[in-house]
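Notes follow once the structure below has been shown.
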Amino acid sequence: MTATDVLVTEDLTTAGSRPIVQPVARTLVPTLRFESSEDAGAHVAEVMAQAIEQRNLAGQQTVLGLATGSTPIGVYLELIGRHREEGLD
């Protein structure tokens, strides 16, 4: 699943358990604007978790190439939480 698929299939502009997202018009690359870095991290983790779960259902392994540095820490914390709480693997 790609970010574009999520844009098309889900209403990302509502509050609740999902972050509030605004698609950015007139951009060549699909672009989303989030209210906070925590919201962005949660969204990225959701997209990654969906990809992992879909591949698991298909009997395929998922290999992630993960960035270093402090920027993706929110994503990693969210994925760790999903692993501990929901068994994401």
Side-chain angles (χ1 to χ4, degrees):
M1 174 167 285
T2 66
T4 308
D5 295 333
V6 173
L7 271 174
V8 172
T9 61
E10 297 181 27
D11 179 9
L12 297 176
T13 59
T14 59
S17 62
R18 299 201 180 270
I20 296 174
V21 179
Q22 296 176 335
V24 178
R26 298 180 304 280
T27 58
L28 296 177
V29 177
T31 305
L32 301 175
R33 182 181 342 193
F34 295 87
E35 290 188 0
S36 69
S37 61
E38 291 83 12
D39 288 347
H43 176 75
V44 172
E46 174 67 20
V47 172
M48 292 173 72
Q50 288 178 7
I52 292 167
E53 290 166 353
Q54 285 179 354
R55 292 184 61 84
N56 285 348
L57 289 173
Q60 301 173 327
Q61 293 182 334
T62 304
V63 177
L64 302 175
L66 303 176
T68 61
S70 62
T71 302
I73 287 176
V75 174
Y76 302 154
L77 292 173
E78 184 73 25
L79 289 172
I80 290 167
R82 288 170 186 248
H83 172 72
R84 289 181 179 161
E85 296 168 14
E86 302 169 13
L88 179 66
D89 189 25

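Computed over heavy atoms, backbone and side chain alike; hydrogens, waters and symmetry mates excluded.
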### Query
Mind checking who shares a hydrophobic cluster with V29, ILVMFWY linked at side-chain heavy-atom distances under 4.5 Å?
none
## Note on the structure
Using a 4.5 Å side-chain heavy-atom cut-off and chaining through intermediate ILVMFWY residues, the residues clustered with V75 come out as V44, M48, I52, L64, L66, Y76, L79, L88
### Query
Side chain of S36, backbone of D39: donor and acceptor closer than 3.5 Å?
yes
Donor-acceptor pairs under 3.5 Å, side chain of residues 67-74 to any protein atom, not counting sequence neighbours: which ones?
none

#### Entry: Residues that, via side-chain heavy atoms closer than 4.5 angstrom, fall in one hydrophobic cluster with L28
none
### Query
Do we see a donor-acceptor contact under 3.5 Å between the side chains of Q50 and E46?
yes
### Query
Taking the hydrophobic residues Ile, Leu, Val, Met, Phe, Trp and Tyr, and joining any pair whose side-chain heavy atoms are under 4.5 Å apart, which ones share a cluster with V63?
none
#### Entry: Donor-acceptor pair, side chain of N56 and main chain of D89, under 3.5 angstrom
yes
### Query
Which distance, rounded to the nearest 0.5 Å, do you find between the CD of E85 and the NE2 of H83?
11.0 Å
### Message
Counting neighbours of CD on Q61 that are heavy atoms of other residues, nucleotides or ligands and sit closer than 6.0 Å, is the number greater than 12?
### Response
no
### Query
Which pairs, with at least one residue in residues 51-78 and sequence neighbours excluded, count as a salt bridge (charged side-chain N to carboxylate O under 4.0 Å, His left out)?
E78-R82
